[in-house]
Amino acid sequence: MARHLITSALPYINGIKHLGNMVGSMLPADVYSRYLRQRGHDVLYICATDEHGTPAELAAKEQGLPVDEFCAQAHDAQKAVYDGFALAFDYFGRSSSAENRDITQHFARKLNENGFVEERAIRQVYSPTDGRFLPDRYVEGTCPHCGYDKARGDQCENCTRVLDPTDLINPRSAISGSTDLEVRETKHLFLLQSKLENEVREWVARHDKDWPQLASSIAHKWLTEGLHDRAITRDLDWGVPVPADTWPELAAAGKVFYVWFDAPIEYLGATKEWADQDPENRDWKSWWYDVDTDVRYTQFMAKDNVPFHTVMFPATELGVREPWKKVDFVKAFNWLTYYGGKFSTSQKRGVFTDQALEILPADYWRYFLIANAPESDDSSFTWEHFTATVNKDLADTLGNFVNRVLSFSRKRFGDEVPAGGEPGEAETRLGEEIARLLAEYEEHMEALQFRKAAAALRALWSAGNSYLEEKAPWLEIKTDKDGAALTLRTAMNLIHLYSVISEPFIPATAKTMREAFSLADDTAAWATPEAAKSLTSVPAGTPFTVPPVLFAKLTDEDLETYKERFGGQEG
């Protein structure tokens with residue numbers, strides 16, 4: 001089978017992420033990775049915390065910790081949340097690793113050898129109050145494009161435009177708040193993206209028919225505006241140091257690489273971290289170096305990260321002049337909003353992932369977020385919508401079906417799957433419908449159309465309920481006990497099928513459903529539509545148990561409690 005390399009945008013180290021971050025990168029990457037593994041593919045899912053840059057330094061200072069200690073603690077805190085969401089990374093690394101340092105420095109040296117890096121004297125913001133040059137994110141002010149008054153010196157969070165600190169109106173120091181700022185001369189390294197623009201343009205054009213419109217349109221927008229040479233170093237204490245063997249003056253001045261330069265390289269760095277844990281059996285370069293026809297590389301990210309992954313990092317890879325793997329498919333997402341307003345880490349607006357797990361188990365969130373993923377446009381999180389989806393799809397359609405079938409069968413036939421008669425016309429129709437819906441589900445998963453895949457999965461669950469209502473075993477048993485047994489045996493086979501095909505979306509619940517049946521050799525990783533049609537994987541006589549309620553229905557009282565805690569009004 002094919003080898004699939006999957007990465008999701010690196011969550012920044014500064015703070016626990018909100019639900020918008022989760023659905024815009026890591027969760028869909030996990031769903032897709034799980035699906036591919038079940039289909040027998042060789043999958044490597046890599047992610048990491050993005051640990052360099054000014055926010056890390058500022059956050060560490062605010063907490064009174066050395067920045068390396070702050071990042072170590074924050075990494076562990078984030079990883080605990082992702083474990084809670086059952087994100088099955090093959091490796092979750094750190095951009096501050098020695099592996100990332102070495103590869104980043106290698107890339108910089110090769111770019112320099114190939115004539116794509118230039119040392120330039122620039123004029124940069126200096127704060128006499130703080131006694132230092134201020135990197136981009138240490139300068140805040142009003143965006144000249146949209147008027148947002150908390151724009152940073154590298155990018156406006158509101159309109160996503162890339163900025164320079166000197167573009168800001170009424171700039172101030174993010175450290176001290178001082179407006180007593182000067183512009184002084186200093187030296188930095190620049191990546192000459194202008195010299196690589198035509199190569200990047202040709203590379204993007206080759207993917208026009210493959211990439212989703214969102215990713216392709218953002219890449220072309222940046223290319224239309226033209227690629228500019230951009231600084232790849234900053235004046236910080238924390239980051240990948242400029243190598244002294246190549247740039248001794250800058251190294252002596254304490255320059256480090258800018259976070260946008262080293263963060264994408266961490267995909268490679270994290271893979272090497274993974275391989276270094278078991279070097280005899282893992283070869284990181286087999287996934288990244290000279291593997292264009294062997295590995296399919298899929299990246300997941302929200303739309304604000306698209307320019308870095310479709311234009312800027314590919315420019316870096318092209319300029320290195322080595323056969324590093326470039327992305328084949330970019331799955332980009334729009335925003336998930338909170339009652340029409342932005343989720344915001346900095347403004348503490350919306351539900352954060354650790355808070356979500358305090359309220360309900362991960363499967364509630366996983367299903368809702370993927371079923372409402374902001375693929376074609378922005379989508380809005382509201383507690384009303386969340387409650388309705390949980391109750392209708394999870395509690396009523398799936399959970400109630402499982403409970404009704406197993407509880408009724410145990411009550412009337414005992415703790416083993418009943419035998420009953422031979423399948424009839426209703427079972428034949430059901431098998432055909434299941435096969436059709438499963439093929440549809442597979443088609444959407446292969447195309448990375450997650451909302452459509454969720455709808456197909458929901459339809460598969462609904463097919464079981466329709467069959468149960470049609471056959472009505474609670475009535476059938478009064479006149480045809482064998483017929484009722486057949487109905488229940490068929491329904492139990494549906495439950496087992498659901499446990500297999502629902503695993504990418506709701507892994508904990510899928511495990512519970514599967515473990516309800518004491519099958520001697522249950523190794524099913526997937527079921528083809530043709531195989532699913534027969535509904536015979538759980539034979540008569542198989543012992544079973546009735547699991548606890550899979551999904552609790554959410555009440556009006558729950559809804560009001562959530563809204564009171566988090567707010568529930570238009571943004």
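Values reported hereafter were calculated over all heavy atoms of this structure, with side chains retained and with hydrogens, waters and symmetry mates removed.
Asn372 and Ser379 share no side-chain donor-acceptor pair at under 3.5 Å. Counting only N and O atoms by type, the side chains of Glu51 and Ser96 include a donor and acceptor under 3.5 Å apart. Side-chain N/O atoms of Tyr289 and Glu322 include no donor and acceptor closer than 3.5 Å. Counted by atom type alone, Tyr367 and Arg458 present one or more donor-acceptor pairs between their side chains at under 3.5 Å.
No side-chain heavy atom of Glu442 sits less than 4.5 Å from a side-chain heavy atom of Ile501. Put simply, the side chain of Met301 reaches to within 4.5 Å of the side chain of His309, judged on heavy atoms. Using a 4.5 Å cut-off on side-chain heavy atoms (C-beta onward), Thr298 and Leu5 make no contact. Counting only heavy atoms from C-beta outward, the side chains of Ser380 and Tyr338 never approach each other to under 4.5 Å. The closest side-chain heavy-atom distance from His52 to Val256 is not below 4.5 Å. When side chains are defined from C-beta on, Leu189 counts as touching Leu250, because their heavy atoms get closer than 4.5 Å. Side-chain contact between Lys110 and Phe116 is absent, with no heavy-atom pair separated by less than 4.5 Å. Thr54 places a side-chain heavy atom less than 4.5 Å from the side chain of Leu236.
When the shell of 6.0 Å around NZ of Lys452 is examined, it contains 12 or fewer heavy atoms from other residues, nucleotides or ligands. For Lys187, the NZ atom counts as loosely surrounded, since its 6.0 Å shell holds 12 or fewer non-hydrogen atoms of other residues, nucleotides or ligands.
Interatomic distance, Tyr32 OH to Ile6 CD1, rounded to the nearest 0.5 Å: 6.0 Å. Separating the CG atom in Leu457 from the CD1 atom in Ile370 is a distance of 11.5 Å, to the nearest 0.5 Å. In this structure, Leu111 CG and Leu318 CG are separated by 10.0 Å, a value rounded to the nearest 0.5 Å. Here Ile232 contributes atom CD1 and Thr316 contributes atom OG1; the two are 7.5 Å apart, rounded to the nearest 0.5 Å. Within the model, atoms CG of Leu27 and OG1 of Thr353 stand 11.0 Å from one another, a figure rounded to the nearest 0.5 Å. The line from NE2 of His4 to CZ of Arg296 is 7.0 Å long, rounded to the nearest 0.5 Å.
The pair Arg109-Glu113 does not count as a salt bridge, with every side-chain nitrogen at least 4.0 angstrom from each carboxylate oxygen. At a threshold of 4.0 Å, the pair Lys221-Glu225 counts as salt-bridged, since one of the basic side-chain nitrogens sits closer than that to a carboxylate oxygen. Look at Asp136 and Arg152 and you find no salt bridge, because none of the NZ, NE, NH1 or NH2 atoms lies under 4.0 Å from a carboxylate O. A salt bridge is absent between Lys326 and Glu317; no separation between the charged side-chain nitrogens and carboxylate oxygens falls under 4.0 Å. At a threshold of 4.0 Å, the pair Asp235-Lys255 counts as salt-bridged, since one of the basic side-chain nitrogens sits closer than that to a carboxylate oxygen. Using a cut-off of 4.0 Å between Lys/Arg side-chain N and Asp/Glu carboxylate O, Lys303 and Asp378 are scored as salt-bridged. Salt-bridge formation is detected for the pair Arg37/Asp90: a Lys NZ or Arg NE/NH1/NH2 atom is positioned less than 4.0 Å from an Asp or Glu carboxylate oxygen. Salt bridge present: Glu140 and Arg172 bring a charged side-chain N and a carboxylate O closer than 4.0 Å.
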Let's go through Glu273 and Ser97 carefully: what are the C-alpha distance in whole Å and the side-chain angles of both, what is the deciding distance for side-chain hydrogen bond (donor to acceptor under 3.5 Å, both in side chains) to 0.1 Å, and is it a yes or a no? CA-CA 8 Å; Glu273 293 173 55; Ser97 68; 3.0 Å; yes
The test is salt bridge (charged side-chain N to carboxylate O under 4.0 Å, His left out); show your working for Glu202 and Arg206 and say whether it passes. CA-CA 6 Å; Glu202 292 173 3; Arg206 292 199 296 270; 5.1 Å; no
Could you walk me through whether Tyr126 and Val183 satisfy the side-chain contact (heavy atoms from CB on, under 4.5 Å) test, starting with their C-alpha distance in whole Å, then the side-chain angles of each, then the deciding distance to 0.1 Å, before giving a yes or no? CA-CA 6 Å; Tyr126 184 86; Val183 178; over 6 Å; no
Start with the C-alpha distance between His220 and Asp208, add both sets of side-chain angles, then the distance that settles side-chain hydrogen bond (donor to acceptor under 3.5 Å, both in side chains), and finish with yes or no. CA-CA 9 Å; His220 279 290; Asp208 278 346; 2.7 Å; yes
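Between Tyr297 and the choices Tyr45, Phe329, Trp288, Trp287, the ring-ring contact (aromatic ring centres under 6.0 Å, His included) rule is met once, by Trp288. Just one residue in the list Asp294, Val43, Leu44 forms a side-chain contact (heavy atoms from CB on, under 4.5 Å) with Arg3, and that residue is Asp294. The residue from Glu118, Gln124, Arg120 that alone fulfils the side chain to side chain donor-acceptor pair (under 3.5 Å) condition with His188 is Gln124.
A pairwise comparison of heavy atoms in Met22 and Leu369 identifies CG-CD1, 4.2 Å as the closest pair. Minimum interatomic distance between Gln78 and Asn14 (heavy atoms only, all atoms of both residues): NE2-N, 4.4 Å. Listed here is the closest heavy atom pair of Val117 and Leu192: N-CG, 4.3 Å. Taking each heavy atom of Phe89 and Ser8 in turn, the nearest pair found is CE2-OG, 4.5 Å. Contact between Thr310 and Ala219 at its shortest, heavy atoms only, is OG1-CB, 3.4 Å. In terms of heavy-atom proximity, His207 sits nearest to Asp328 at ND1-O, 3.5 Å.
Taking the six-membered ring where the residue is Trp, the centroids of His41 and Tyr35 are separated by 6.0 Å or more. Annotation: His18 is not in aromatic contact with Phe381 [ring centroid separation under 6.0 Å not met]. Remark: aromatic rings of Trp324 and Phe107 are close, center separation under 6.0 Å. The distance between the ring centers of Phe92 and His75 falls below 6.0 angstrom. Residues Phe313 and Phe261 keep their aromatic ring centres 6.0 Å or farther apart.
Here the side chain of Asp262 pairs no donor or acceptor atom with the backbone of Arg101 at under 3.5 angstrom. Judged by distance alone, the side chain of Lys17 and the main-chain N or O of Tyr12 form a donor-acceptor pair under 3.5 Å. Proximity of a side-chain donor or acceptor of Arg34 to a complementary backbone N or O of Phe505 within less than 3.5 Å is not detected. Side chain of Lys325 to backbone of Val295: a donor-acceptor contact under 3.5 angstrom is found. One N or O on the side chain of Gln105 and one on the backbone of Pro241 form a donor-acceptor pair closer than 3.5 Å. At distances below 3.5 Å, not a single donor-acceptor pair connects side-chain atoms of Asp167 with backbone N or O atoms of Leu163. No donor-acceptor pair under 3.5 Å is formed between the side chain of Ser216 and the backbone N or O of Pro212. Of the possible donor and acceptor atoms, none in the side chain of Glu503 sits under 3.5 Å from a partner among the backbone N and O of Ala510. Gln193 contributes no side-chain N or O that, together with a main-chain N or O of Ala315, makes up a donor-acceptor pair within less than 3.5 Å. Although no hydrogens or angles enter the test, the distance criterion places no donor-acceptor pair under 3.5 Å between the side chain of Trp211 and the main chain of Val204.
Both the sub-6.0 Å distance and the 45° axial angle are satisfied by Lys342 relative to the ring of Trp335.
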